[in-house]
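Contents: one structure, followed by commentary.
Model, not experiment: these values are computed from the prediction. First the proteins, then the strands, lettered A, B, ... as listed; each starts at 1.
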Number of protein chains: 2
Amino acid sequence: MNLNKYNQIYQEISSDISGGKYKKDDVLPSEHRLVETFDVSRETVRKALNLLQENGFIQKMKGKGSVVIYNPSMDFTVSHLTSFKEIQQLKTKQYSTAVVELKRYPAEQFPKVMVALDLAPEDKVWQLIRQRKYEGKTHIVDMDYFTVDMMPGLSIQVAEDSIYEYIEKKLGLTIAYSHKEITFDAMTEHEIELFDHNDLSYVATVRSVVHLNDARPFQYNISKHLASEFKFVDFSRRFHGD
Amino acid sequence: MNLNKYNQIYQEISSDISGGKYKKDDVLPSEHRLVETFDVSRETVRKALNLLQENGFIQKMKGKGSVVIYNPSMDFTVSHLTSFKEIQQLKTKQYSTAVVELKRYPAEQFPKVMVALDLAPEDKVWQLIRQRKYEGKTHIVDMDYFTVDMMPGLSIQVAEDSIYEYIEKKLGLTIAYSHKEITFDAMTEHEIELFDHNDLSYVATVRSVVHLNDARPFQYNISKHLASEFKFVDFSRRFHGD
DNA sequence: GAGTGGTCTAGACCACTTG
DNA sequence: AAGTGGTCTAGACCACTCC
């Protein structure tokens, strides 16, 4: 898809790192070298390297070079989806999805959703409830809200497959960013039912509002994870700006 | 500190947004305009705008402009520290810090720490345990491990003030990035003591390994938060790279 | 001093949005 | 057609590291 040069360079180097061609603590070829091998300008190489740095593959050091900090084995420590990266990987895991409910409601029914999705009281929203099961046991219960006007064709079919593929491939919309919040809560009665088991009645709650690349709020998601099975992993860089 | 141009522009615009000069859904002046007002080249303006976008202040739209997506009121939804941003803000909150323990151990005593900090079995590490109290109640228990060689002068004094200031101002080291992992766990006996109360015996555990800008691992931190008081907030962008 | 990454410039061409 | 952001270039000067 992405035909620009710095992205191609990013792809090539990041898969070289994931694939083991460059290992942790290796130093990448210098920017000057990369300019030669890829036959592009230096700023283009630098865009690719900055992407690699932001995404936790390398650390650039003035006067030294770009050192690989990524260890492929870290990939497998992630057990459940909470980030976009993991959402994309959902299909590769053995979760089965069961749709519990898919209904239209007036937005005023859910005040928080109404505010988050920037809707009028009489606007219609989809409420979608799904169980994510692993080896027959429900690990995650997802509660989603979408603006009906933006997703006229939502169906149980689609909800059982990938909603994100439907959004991006069929509707031609582009997901851009999200705000997320994680808390720890006791299960409600309804949740105890949905998790159909009762040895531990606590959940990790991930609430998020997902926006498109035109900044429209698109999805309000409440994802309840069995607390004992939940793990959130994150890579972050410190911002030095003063 | 940071004397480069794009950072100054970033600072100016981000504080204009935080301060309410630009409100949510406002459109920033075009890149062309900003080039004129700041008297810099376009790529420099673009670096500042890209920073604003990465940090959740604006969304850039081809053909339209840069729209403000940041709402200052979101700032106050954060209740506890989990990110670098919040660590920097710790001093502005009314936590008091009590040092429970500060001792040297051979690294082999803590195998996970030894691996994470890349140490030999006989290398020495500091173990530091601190309670963070709010209105007399312990909300957070921090367990930290540092390489003694890198922090020869660590003391209870320093541990009660800001360790990060000591690291960056006194030792001249620069924090660059960290890997973080959040889980929810039942309290251990020791933790029940340290939290000196027992209405809810669950904690949110944030484990992180912090690295310097030369990629050396520096700190292994286990931060236990009273589960009922814990909230982690996050802004993230989806990467579109294929 | 040679090599590395960090910042900045002036200009070009393109794709998208809006009238 | 005019205005917007996205990509890319060729070159410059600087700060840092290592020998």
Side-chain angles (χ1 to χ4, degrees), chain A residues 1-11 13 25-54 57-69 172-174 176-177 212-216 237-241, chain B residues 1-11 13 25-54 57-69 172-174 176-177 212-216 237-241:
Chain A
M1 280 290 158
N2 241 309
L3 12 68
N4 59 12
K5 297 185 183 177
Y6 70 82
N7 239 303
Q8 285 175 33
I9 298 172
Y10 171 84
Q11 293 301 334
I13 298 180
D25 296 329
D26 283 357
V27 179
L28 293 188
S30 73
E31 296 181 350
H32 177 66
R33 275 244 162 279
L34 293 172
V35 163
E36 290 173 345
T37 47
F38 290 105
D39 192 30
V40 295
S41 74
R42 190 171 157 225
E43 285 290 2
T44 300
V45 163
R46 286 178 53 72
K47 274 183 191 168
L49 293 179
N50 285 335
L51 267 184
L52 289 166
Q53 172 158 288
E54 282 162 31
F57 286 101
I58 64 171
Q59 174 70 21
K60 302 171 80 177
M61 282 174 285
K62 206 183 293 190
K64 289 189 183 168
S66 298
V67 176
V68 175
I69 62 173
L173 303 172
T174 305
Y177 61 94
L212 303 175
N213 65 352
D214 61 4
R216 277 183 297 171
R237 293 199 158 268
R238 185 170 195 188
F239 179 61
H240 286 97
Chain B
M1 281 290 159
N2 239 310
L3 12 70
N4 59 10
K5 297 186 183 178
Y6 70 83
N7 239 302
Q8 286 175 34
I9 298 172
Y10 170 85
Q11 293 301 334
I13 298 180
D25 296 329
D26 283 357
V27 179
L28 293 188
S30 73
E31 295 182 350
H32 176 66
R33 274 243 162 281
L34 293 172
V35 163
E36 289 174 344
T37 47
F38 290 105
D39 191 31
V40 295
S41 75
R42 193 174 155 222
E43 285 290 2
T44 300
V45 164
R46 285 178 54 72
K47 274 184 190 165
L49 292 178
N50 285 335
L51 267 184
L52 289 166
Q53 172 158 288
E54 282 162 30
F57 286 102
I58 64 171
Q59 175 69 20
K60 302 171 79 176
M61 283 174 284
K62 205 183 292 189
K64 288 188 183 168
S66 298
V67 176
V68 175
I69 61 173
L173 304 173
T174 305
Y177 61 93
L212 302 175
N213 66 351
D214 61 5
R216 276 184 297 170
R237 294 199 158 267
R238 186 169 195 187
F239 180 60
H240 286 98

Rounded to whole angstroms, how far apart are [atom1] on [X] and [atom2] on [N]?
X       : N     : atom1 : atom2 : value
A:Gln59 : C:dT4 : CD    : P     : 18 Å
B:Asn7  : C:dT7 : CG    : C1'   : 11 Å
B:Lys47 : D:dT7 : NZ    : P     : 15 Å
B:Phe38 : C:dC8 : CZ    : P     : 13 Å
A:Asn50 : C:dG5 : CG    : C1'   : 10 Å
B:Asp39 : C:dC8 : CG    : P     : 13 Å
B:Gln53 : D:dG5 : CD    : P     : 12 Å
A:Arg46 : C:dC8 : CZ    : C1'   : 11 Å

## Note on the structure
Expected list for residues 28-37 of chain B near DNA chain C, using heavy atoms below 4.0 Å, is none

### Query
Which nucleotide, C:dG5, C:dT9, C:dT7, lies nearest any side-chain atom of B:Thr44?
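Given the options C:dG5, C:dT9, C:dT7, the side chain of B:Thr44 is closest to C:dT9.
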
### Task
Assign a letter to each nucleotide of nucleotides 10-19 of chain C from its 5' end: B, base within under 4.0 Å of a protein heavy atom; S, sugar-phosphate only; -, no contact.
B-B---BSS-

What closest approach, in Å, do [X] and [Y] show between heavy atoms, and which atom pair accounts for it?
X       : Y       : answer
A:Ser66 : A:Leu49 : OG-CD1, 4.2 Å
B:Leu34 : B:Pro29 : CD1-O, 3.6 Å
B:Val35 : B:Val40 : CG1-O, 3.1 Å
B:Tyr6  : B:Ala48 : O-CB, 3.4 Å

### Query
Judged by atom type as modelled, is there a donor-acceptor pair below 3.5 Å linking the side chain of A:Arg238 to the main-chain atoms of B:Thr174?
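No, A:Arg238 side chain to B:Thr174 backbone: no donor-acceptor pair under 3.5 Å.
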
### Query
Has the side chain of A:Arg46 got a donor or acceptor atom that lies under 3.5 Å from a matching backbone atom of A:Glu31?
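Pair absent, no side-chain N/O of A:Arg46 close to backbone of A:Glu31.
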
### Query
Is any side-chain heavy atom of A:Asn213 closer than 4.5 Å to a side-chain heavy atom of B:Gln59?
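Yes, at least one pair of side-chain atoms sits under 4.5 Å.
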
### Task
Kindly indicate, with the supporting measurements, whether the criterion side-chain contact (heavy atoms from CB on, under 4.5 Å) is fulfilled by A:Glu43 and B:Glu43.
CA-CA 10 Å; A:Glu43 285 290 2; B:Glu43 285 290 2; over 6 Å; no

### Message
Suppose we screen for side-chain contact (heavy atoms from CB on, under 4.5 Å). Which residues come up paired with A:Arg216, at least two apart in sequence or across chains?
### Response
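Partners of A:Arg216 by the side-chain contact (heavy atoms from CB on, under 4.5 Å) criterion, ordered by chain and then number, come out as A:Met150, A:Leu173, A:Leu212, A:Asp214.
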
### Query
Can you check whether A:Tyr6 has a side-chain N or O nearer than 4.0 Å to OP1 or OP2 of D:dT7?
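So the side chain of A:Tyr6 is within the cut-off, an N or O lying under 4.0 Å from OP1 or OP2 of D:dT7.
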
#### Entry: Any B:Lys60 side-chain N or O less than 4.0 Å from OP1/OP2 of D:dT4
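For D:dT4, neither OP1 nor OP2 has a side-chain N or O of B:Lys60 closer than 4.0 Å.
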
